[in-house]
Amino acid sequence: MLSSRRLILAHFWLAFAVFGLAILLGAWQMWVRSPFSGWISNPEWYYRSVTEHGTVMGYVFPTLVAMGFGYAISEAALKRPLIGASWAWIGFGLVLIGAVMATVPVALGRASVLYTFYPPLIGSAYYYLGVVLVVVGSWIWVALMSINLWAWKRDHPGEPVPLAMFANVAGSLLWGWTAVGAALELILQILPVALGLRSTIDAGLARVFFSWTLHAIVYFWLMPSYIAFYTIFPRAIGGKLFSDTMARISFVLFLVVAMPIGAHHLFADPEVGSGFKFLHSVFTAAVSVPTLLTVFTICASAEIAGRLRGGRGAFGWIAALPWQNPLMLAVAFSFVMLGFGGAGGLINMSYQLNSSIHNTQWVTGHFHLIFAGAIVIMYFVIAYDLWPHLTGRAFADFGLMRVQLWLWFVGMIVVTFPWHYVGILGMPRRMAYYDYADPQLASEGLPVALSALGGLVLVASAALFLFILASNQRGSRTAPDEYRFSVAVHPPTSVPVALNGFALWLALMVGLTIINYGPPIVQLWAFDGVAVPAVYVGVER
Amino acid sequence: MSEESVFSRKDPWFTASVGLTAAIAVVAAIVGFVWLPYAQPGLRPSSLWDAICGAAGVPRARSNAAPVSADFVTSKAIVTSGMFDHPSASSIGHGATLALQCAACHGADGAGKADAPGLAGQYTGALYKELKDFKDGARSSSVMAPLAAVLSDSDMRDLAAYYAYLPRMNEAEVGTKRAAPHIVRYGSPLHNIPACGSCHDGLMAGAPWLKGQPSVYLEAQLAAFANGGRHNDIDEQMRNVARRMTAAEIDEAAHYYGTQK
């Protein structure tokens with residue numbers, strides 16, 4: 001039984017509530033930029049909306065999911081109440097206050113800087129302080145996860161750490177170190193200007209700091225989904241995890257190579273040397289290794305389940321899988337989207353290929369396919385899987401869930417595939433207005449229109465998701481059994497010291513960060529005369 | 001809790017992971033910092049160190065080639081917001097005396113006429129900048145150049161202060177207000193033209209107030225910017241805008257501002 005149910009539910013409900021609001025903004029943005037709508041006349045409205053959509057979907061929503069899921073894992077995997085539950089509530093409060101504090105100036109048009117900040121654009125200091133509070137709140141979670149693991153290990157010397165908790169702490173540590181880049185940017189570069197202490201900003205250095213966060217944050221978003229792949233999915237479909245060791249290796253590899261690769265977001269930035277761009281490109285390619293390991297291990301686990309269910313032959317086991325199970329469906333959809341998104345990602349990280357799609361709608365399509373598609377669809381089923389254990393009420397039927405997941409999958413494909421296509425045609429991203437009457441843009445009209453319709457499908461799916469969760473809380477009470485994670489084919493009896501803790505991998509993570517980010521940061525820091533005047537957004541004229 | 005032992009050469013996980021990570025980093029560094037700089041056509045590093053520094057993004061010595069200079073006089077006027085705030089009464093009074101020689105074209109009340117812009121209520125910075133550009137030759141006019149040539153810097157400041165001090169024409173005198181056309185309100189995003197008001201509504205020091213200016217004068221200036229005949233705008237801002245405006249947009253903008261005060 002989970003003892004911190006209210007804490008976990010609070011995280012999930014806040015996450016899904018802000019998600020429900022932000023998706024409306026996303027759909028509105030797609031609509032007004034499509035041929036269905038005339039120009040909104042004031043581009044500021046558009047950027048205001050993009051800023052809020054990105055801030056919620058990038059910082060608040062996934063962070064709350066990771067935190068809530070992390071607390072649930074800590075209790076369920078370690079089989080003991082959470083240590084520091086009151087601290088966890090403080091963390092939740094900080095995220096809530098931070099989210100409100102960031103949203104108000106955005107809604108007032110005082111911080112339309114987009115969630116990636118884009119210095120030298122400078123918005124209201126309250127916006128940045130709100131984001132800082134969200135991050136500080138999540139750092140409490142980071143600390144609590146390590147404290148809970150440490151206390152468990154102290155009481156269970158020599159025993160293998162349960163895989164779910166091992167992966168959970170890996171995710172929290174990754175986030176702890178990843179967020180440092182944006183924190184440095186905010187504290188050293190942006191906040192002094194936003195608070196009026198300085199009027200110039202070194203935009204190049206600020207962008208390098210942000211790239212430190214910008215790519216690894218995606219792997220932080222990804223972690224709950226990967227944890228679900230390894231520790232929920234095999235159990236839910238009635239199978240076993242193919243390899244516990246492979247899972248641990250994947251998670252520690254994410255820790256090491258997900259971090260020092262952000263410069264592939266700066267391929268078009270002249271202030272970073274081409275040598276470092278190449279170095280980051282190589283390590284970005286290395287991130288495909290843990291993902292490919294995961295795809296292999298999870299497919300093997302599914303095959304075990306299929307054969308246990310009587311599937312025969314080379315492909316017969318696929319038909320024997322429990323396709324009516326929402327988790328089965330979601331993982332299959334997630335893998336399809338991860339496959340296409342990952343293939344697109346390989347193009348993004350290649351120095352030369354990147355130049356053909358840099359700053360186009362292709363990039364928007366890519367990260368929506370990976371994050372909003374492959375990752376968020378797993379957030380949905382994590383909630384479906386945990387919900388009865390949190391509310392003490394069972395779901396009546398799975399039909400609506402399947403409809404919801406199908407809508408999300410189809411909607412996301414319809415949204416993102418045309419975006420990739422128009423990106424190749426050269427359609428720039430972050431624009432408030434496109435004149436499709438112009439002969440050069442006319443060919444982009446139809447795919448953009450399709451894509452906007454996909455956005456409406458996603459809104460319908462999100463509404464259905466919230467309805468399913470809400471109606472469960474009015475369902476009949478049951479006494480749920482203990483929350484269980486997948487069991488490996490060969491459950492670990494002893495694990496190598498390296499795979500039972502994080503010391504080695506943290507050392508490698510920090511070491512690689514110093515190698516890949518140290519010289520560019522030191523060089524830009526020491527280079528005088530590159531600061532530019534801040535461009536204040538939404539100031540009273 | 002025996003994690004200390006992991007940092008030991010006896011631990012195969014330690015040696016393998018550190019060795020592999022270091023090997024990838026070293027090979028990638030050699031390719032990125034040495035091989036690729038030499039392999040790139042057109043980029044000839046003078047030495048191995050030069051190749052590494054270039055790839056690391058260390059700025060190289062600046063080019064010795066002579067900078068490209070314009071074949072016409074560029075504006076030397078420096079105008080910042082606030083530099084003309086709070087002129088003294090004597091400055092305005094001296095400006096009023098000097099303004100007697102302007103009245104023939106610009107009117108006794110500074111209202112202007114078809115081919116001469118209105119000056120009453122114009123921004124001080126814009127008035128000063130144009131006078132200085134006429135004097136320096138950055139803006140050419142056979143009428144204005146000899147008049148401006150004899151003015152000292154403080155004369156120009158005083159004149160600017162005087163005309164900025166005069167009230168703008170009453171709205172009722174120049175006809176009814178109409179809705180601003182698209183080009184004025186929003187610009188033309190697809191052609192990279194910002195809304196006129198984003199600079200001309202007093203947001204950019206040195207950019208003039210346009211409402212109520214004679215349409216014929218505005219059209220002539222836009223045409224001059226477009227064909228390069230007028231080039232005292234900083235960084236070609238107005239030349240770039242005017243070149244991209246269609247004839248219809250120029251007409252709309254000029255007539256809109258021509259009926260405004």
Side-chain angles (χ1 to χ4, degrees), chain A residues 39-43 150 153-154 156-158 204 208 249 252-253 256-257 260 269-283 285-286 351 431-435 437-438 440-441 496-505 507-509 511-512 515-516 519-520 523-524 527 530 541, chain B residues 1-8 10-37 39-40 43 45 51-60 81 180 182 185-192 194-195 197-199 201-204:
Chain A
W39 189 27
I40 48 167
S41 301
N42 187 354
W150 177 79
K153 283 174 99 172
R154 190 191 52 198
H156 300 77
V208 171
I249 291 175
V252 296
L253 277 179
V256 176
V257 291
D269 284 40
E271 77 277 3
V272 178
S274 61
F276 283 103
K277 287 172 180 168
F278 181 78
L279 204 55
H280 283 234
S281 192
V282 168
F283 280 99
Y351 201 166
M431 300 281 282
Y433 171 65
Y434 303 92
D435 180 1
D438 188 287
Q440 283 185 307
L441 270 63
V497 180
L499 292 182
N500 209 34
F502 297 99
L504 173 60
W505 315 110
L508 278 173
M509 174 174 86
L512 263 188
I515 291 172
N516 283 8
Q523 181 205 317
L524 288 169
F527 195 44
V530 287
R541 283 165 176 169
Chain B
M1 296 296 286
S2 53
E3 275 175 21
E4 295 76 19
S5 65
V6 83
F7 293 99
S8 145
K10 286 183 202 144
D11 190 316
W13 288 91
F14 174 78
T15 45
S17 61
V18 174
L20 202 61
T21 310
I24 294 174
V26 168
V27 171
I30 291 172
V31 173
F33 289 88
V34 180
W35 186 46
L36 287 181
Q40 273 194 61
L43 188 76
I52 293 172
C53 289
V58 177
R60 291 165 185 239
S81 53
H182 199 280
R185 283 175 76 182
Y186 311 123
S188 177
L190 214 61
H191 298 116
N192 226 356
S198 55
C199 292
D201 280 359
L203 295 172
M204 193 180 109

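Since the model is a prediction, treat every value here as computed from it, not as a measurement. Note: hydrogens, waters and symmetry copies are ignored here, and every other heavy atom, side chains too, is used.
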TODO: Please report the closest heavy-atom contact between B:Ser17 and A:Trp505, naming both atoms and the distance.
DONE: CB-CZ3, 3.5 Å
Open item on the list: So, taking the atom named CH2 in B:Trp13 and the one named CG in A:Leu499, what distance separates them when rounded to the nearest 0.5 Å?
Closed with: 4.0 Å
Task: For chain B, the option from A:Ala432, A:Pro270, A:Gly275, A:Pro260 that forms the most heavy-atom pairs under 4.5 Å - done: A:Gly275
Open item on the list: Going by salt bridge (charged side-chain N to carboxylate O under 4.0 Å, His left out), name the residues that satisfy it together with A:Asp269, two or more places apart in sequence or in a different chain.
Closed with: A:Arg207
Open item on the list: Is A:Leu508 in contact with chain B via its backbone, its side chain, both, or neither, using a 4.5 Å heavy-atom distance?
Closed with: side chain
- [ ] Please list, chain by chain and in numerical order, all residues satisfying side chain to side chain contact (heavy atoms under 4.5 Å, CB included) with A:Ala286, sequence neighbours excluded.
- [x] A:Val257
Task: Residue part contacting chain B, namely of A:Tyr351, when any heavy atom lies under 4.5 Å - done: neither
Open item on the list: What I'd like to find out is whether the side chain of B:Leu36 reaches to under 4.5 Å of the side chain of A:Ser274, using heavy atoms alone.
Closed with: no
Task: Taking every non-hydrogen atom, the tightest pair across A:Leu279 and B:Ala28 - done: CD1-CB, 3.4 Å
Open item on the list: Can you tell me which portion of A:Leu441 sits under 4.5 Å from chain B's heavy atoms? Options are side chain, backbone, both or neither.
Closed with: side chain
Task: Largest heavy-atom contact set with chain A, pairs under 4.5 Å, which of B:Val27, B:Asp11, B:Thr21, B:Val18 - done: B:Thr21
TODO: Examine whether an atom of B:Val58 lies under 4.5 Å from a heavy atom of chain A, and if so say whether it belongs to the side chain, the backbone or both; otherwise answer neither.
DONE: both
Task: Contact origin within A:Leu512 toward chain B - heavy atom pairs under 4.5 Å - done: side chain
